Number of protein chains: 2
Amino acid sequence: MAHKKTLTDITIIDVAREAGVSYSTVSRVVNNKSYVKPETRERVTQAMHRLGYQANLQARSLAGGHSHVIGLLVHNMSTQYMGEIFRGIDDVLATHNYEVMLYTTHRRRTKESAYVNMMARGLADGLLIVLPRQPEAYIESLRARDFPYVLIDQVGIDEHDVSVTATNFQGGYDATTHLIELGHRRIGKITGWMDMVSARDRLEGYKAALSDHGIPVDPELIVIGDFEKISGYQGAATLLDLAAPPTAVFASNDVMAQGALELFRERSLQVPQDISLVGFDDIPIAAILNPPLTTLRQPMVEMGRLATQMLLDWISDPEQKPASVILPTELIHRESTSLPQS
Amino acid sequence: MAHKKTLTDITIIDVAREAGVSYSTVSRVVNNKSYVKPETRERVTQAMHRLGYQANLQARSLAGGHSHVIGLLVHNMSTQYMGEIFRGIDDVLATHNYEVMLYTTHRRRTKESAYVNMMARGLADGLLIVLPRQPEAYIESLRARDFPYVLIDQVGIDEHDVSVTATNFQGGYDATTHLIELGHRRIGKITGWMDMVSARDRLEGYKAALSDHGIPVDPELIVIGDFEKISGYQGAATLLDLAAPPTAVFASNDVMAQGALELFRERSLQVPQDISLVGFDDIPIAAILNPPLTTLRQPMVEMGRLATQMLLDWISDPEQKPASVILPTELIHRESTSLPQS
DNA sequence: TATCTTTTTGCAAACGCTTGCAAAATGGTT
DNA sequence: AACCATTTTGCAAGCGTTTGCAAAAAGATA
């Protein structure tokens, strides 16, 4: 076969031949290793450019080098919540010439564990795990092999874990306090997926705010949701059907708040005149809803950015395991809350 | 080192030893090849399960096998448009045990070409390319190597290309016809990124509808946009500042329509009473906007689903190159259009 | 010039898998 | 039993890269 090699067929051997050195010298140049004479380095670099060499990712990874791939484990990539986090992740990766291997688990624990194991075998240089469901199943293994990972929106199994989270407890506390200060005393709460620490912390913040204001917690006012719109819709229906319905509702995320809004509209309830509503996250639709949603802003882009930077730093310097970070939430006042109807 | 191999260290050699066969027999079992006795196949399968063997992706790929990875090339993963397409892609991949290697180009042509070359080197079994900007730079190469790819929302360079698109011309025609039938004669048009065929086709449909209704095309009513919200905002400002402003605006996507809506709100214009507005895509926010947006629905989830199925079929049977598909757009009547104000 | 230290370079092995091909085994036919 | 065809199995090579280590080269010093 005498045809000229195409761009995608150029290997390290071709570059070595072109530059008149061994392929291990080319490897040292490609990977910015020392022990290469400046003139040799220059000659190899030019040969690489001339031939348009691109390292074969799988070979590099198999041989023990860096793949420059980050594994990203998510439940689902089609939500605005995830879109915002990914925006932050993408920003950082792009400026560091890293790519993403994306795994969507659709919340299945077994998938989560299997993916982590697969990615930790060398294909990825590190892992970003968003809202992990079962970290205990694989964290020890990742630690035993000193494999870099950062958990996002979940604290992991103990204080040695590396994570980026937000002040969910405080956010839940602030949302509830806001409603209390408006005069609401019966405040409904639609939780998130209770497997997740973020959902539990938001509920704890809600309870703490009530207690701190001398308002007893009424279990009837707490309905379990799953962060999906329909559970917000159904949760709102359950709350409105109570003998003593709430005058305000705090949903554990904006998507469920959106569902609640739809239910209120169907029941001809005006928000905020008839019933106040607070969400959580401040995903882009929060500001678009009618009325624009008052919500707790979780700095998702910043979480993605920070987690990714921490992970890349850890990969770059394996001795420097990063410290976990908790970012502040912030109450965003819009138009979905007001004094209770007298 | 006498410690037991961990789950992630089990190789094909371990399985071979456990089952008492050669590793090439294990490979034949793993890859469902023939020429393995049923009893042998069972014995190997049990050893695999017992040891929890997971093939090393990079090794498999390097050795010429299937990686079960699909390369996905997008501009940006954080938009609802992309989220919807990805939903369809994800649905299909999940049921076929394929994973995604995600590359975001942020619309840079050079990145597009480099990523395609990298992925086609064996790491991915096939490519999905969403809204390609410069297909001519790599399509020939992909074809020369019979590498499976499917273009999404772009037709490629000739009739031999494999793509999944929607009837953009017809959509633009229908949107404009809808406004004309309501009585509008001055209809503003905010285009998308004119590098893209979808943007050009929507504009052509707009022009054709005007012509077919005996309405001359006024170039002043056409402003160039880039599919981003701010260009919708600015485009709407340009249109409203005309000596003879339009009574209706057709934006080439919902995101720009959202920007136009914001501008109208700032100018105290009521939609649809003072000015009608039509978008394109029917991403999830279209129904949430105030007023809910009349728009041309592009079946994005279905596009993602279909493209992915086509690609997997092609990978599965390399002799069967799939035929391109054009999915219909559909006018979705909501509340942003009405008769022009007299 | 001899000796020592450091830098540079290339050989060889390895990574975990797939696959061509030859050898061995099996089954069928004469 | 001999022969032929098919199935099964395992050896060996290879994929493209990284890296340990030895050899060669270069530089410094006495």
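This is a predicted model, so every value here is computed, not measured. FYI, side chains are in, hydrogens and waters are out, and symmetry mates aren't considered; it's all heavy atoms of this structure. Naming: A, B, ... by sequence-line order, numbering from 1 per chain.
- Under a 3.5 Å cut-off, the side chain of B:T95 and the backbone N or O of B:V92 do form a donor-acceptor pair.
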Strictly under 3.5 Å: I want the nitrogen or oxygen pairs between protein and nucleotides 23-28 of chain C, one per line.
none

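- Pairs of residues two or more places apart, or lying in two chains, never qualify as ring-ring contact (aromatic ring centres under 6.0 Å, His included) while including a residue from residues 13-50 of chain A.
- The CG atom of B:D14 sits 9 Å away from the P atom of C:dG16 (whole-angstrom rounding).
- One interatomic measurement links the two molecules: OH of B:Y35 to P of C:dT18, which rounds to 19 Å at whole-angstrom precision.
- The side chain to side chain contact (heavy atoms under 4.5 Å, CB included) search around A:E140 returns A:R143, A:I157, not counting sequence neighbours.
- Under the 4.0 Å criterion applied to side-chain N and carboxylate O atoms, B:D90 and B:R87 are not assigned as salt-bridge partners.
- End-to-end axis angle for the helix from C:dT1-D:dA30 to C:dT30-D:dA1, using five pairs per end and rounding to 10°, comes out at 50°.
- In this structure the side chain of A:V74 never reaches within 4.5 angstrom of the side chain of A:F86, judged on heavy atoms.
- Judged by distance alone, with hydrogens and angles left aside, the side-chain atoms of B:S67 form a donor-acceptor pair with the main-chain N or O of B:V69 at under 3.5 Å.
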Q.
Within the 4.0 Å limit for protein heavy atoms, which parts of nucleotides 15-21 of chain D are touched? Write it as a string from 5' to 3', B for base, S for sugar-phosphate only, - for none.
A. BBBBB--
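- No donor-acceptor pair closer than 3.5 Å links the side chain of B:N31 to the backbone N or O of B:K33.
- For A:T45 (side chain) and A:V29 (main-chain N/O), no donor-acceptor pair under 3.5 Å exists by modelled atom type.
- To the nearest 0.5 Å, atoms CD1 (A:I129) and OH (A:Y149) are separated by 8.0 Å.
- Within 4.0 Å of A:T40, counting heavy atoms only, lie sugar-phosphate atoms of the nucleic acid but no base atom.
- Here salt bridge (charged side-chain N to carboxylate O under 4.0 Å, His left out) pairs that include residues 39-56 of chain A, with residues two or more places apart or in two chains, are A:E18-A:R50.
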